[in-house]
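Working notes, beginning with the structure itself.
Every number for a ligand or one of its atoms is a count from 1 in the order of the listing.
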Amino acid sequence: MWIDVHTHLEMLEENTEQVLREAEAVNVTNMITIGCHPNDFEKVCTIAEKNYPTIAATLGVHPHEAKFYSTEVEKQIRAKADEPYLIGIGEIGLDYFYNHSDPEVQRDAFHKQMALAHDLGLPVEIHSRDAEDDTAAELQKWKGKVTGMMHCFSGTSKLAKAALDVGFYISLSGVITFKNAQNLRDIIKDLPLDKILVETDAPFLAPVPMRGKKNKPAFVSHTAEKVAEIKGISLEELSQQLKENVKKLFPKWKF
Ligand SMILES: [Zn+2]
């Protein structure tokens, strides 16, 4: 069995039942759907509420949308905190590649949402692009207080080390199957097995051999197979380990 720890079900054109059927057919049994923009929170929550515990959810304001973070939005997230399906905060973080929100505004929203996660006792899903030093500095402030994962990790070994140092998990996406991702595969060789997760980030970044198609949770098995190959372990061993990792990082998710 495989668990997709980061997907955007509200962005897929297929209805959720179809997505789940296709996932089940290839033993993708569970998934976490991620809120990025306050406008989508209700949709994300409805999908998780209807399908929990097969589907769980996180809510957060993506660095692209950081300018929309406010005390009002914080209240919206807090209002869902007691729902069983709300198992984390995210995706949050920094993206200096696109800078859709001003970097200063991004850092402020990131910090405030780390504080929110701490207050609610929930793990975080982090997005980091071209912002490694600032991401690492923020995570360091919460060492021992907030746990979480680096979503769609495609950074340097320095960022991987910084994340592991604060007890974070490294979530691997279809990017690790891309031809030009040898650096990333080299980093994976050194990652401890008990700190790895897999995700699709669907509808984006479909793994080889599905590259170019619209991604979906069913495709997470291709990423998992690549991880098993890099680590030189069986699919069974990897599957068991990944499930344990998910249970550890997201203790609220009872599945
Ligand atoms: Zn995402």
Name, closest N/O/S atom of Asp201 to the Zn ion (ligand 1): OD1
After noting the C-alpha distance and the side-chain angles of Asp119 and Arg78, does the key distance pass the salt bridge (charged side-chain N to carboxylate O under 4.0 Å, His left out) rule? CA-CA 10 Å; Asp119 195 37; Arg78 283 184 183 277; 2.8 Å; yes
Taking both backbone and side-chain atoms into account, decide whether Glu91 has an N/O/S atom under 2.8 Å from the Zn ion (ligand 1). yes
When you measure from the Zn ion (ligand 1) to the N, O or S atoms of His62, does any of those distances fall below 2.8 Å? no
Taking N, O or S atoms only and a limit of 2.8 Å, check whether Cys152 reaches the Zn ion (ligand 1). no
Interatomic spacing from CD in Glu229 to CG in Leu235 - rounded to 0.5 Å: 10.5 Å
Classify the angle between the aromatic ring planes of His64 and His100 as parallel (below 30°), tilted (30 to 60°) or perpendicular (above 60°). perpendicular
If you have a sec, read the angle at the Zn ion (ligand 1) from His8 atom NE2 over to His6 atom NE2, to 10 degrees. 100°
Expected output: side-chain Gln18 to main-chain Glu14 donor-acceptor under 3.5 Å: no
Write down the atom of Cys45, the atom of Tyr85, and the distance for their closest heavy-atom approach. CB-OH, 3.3 Å
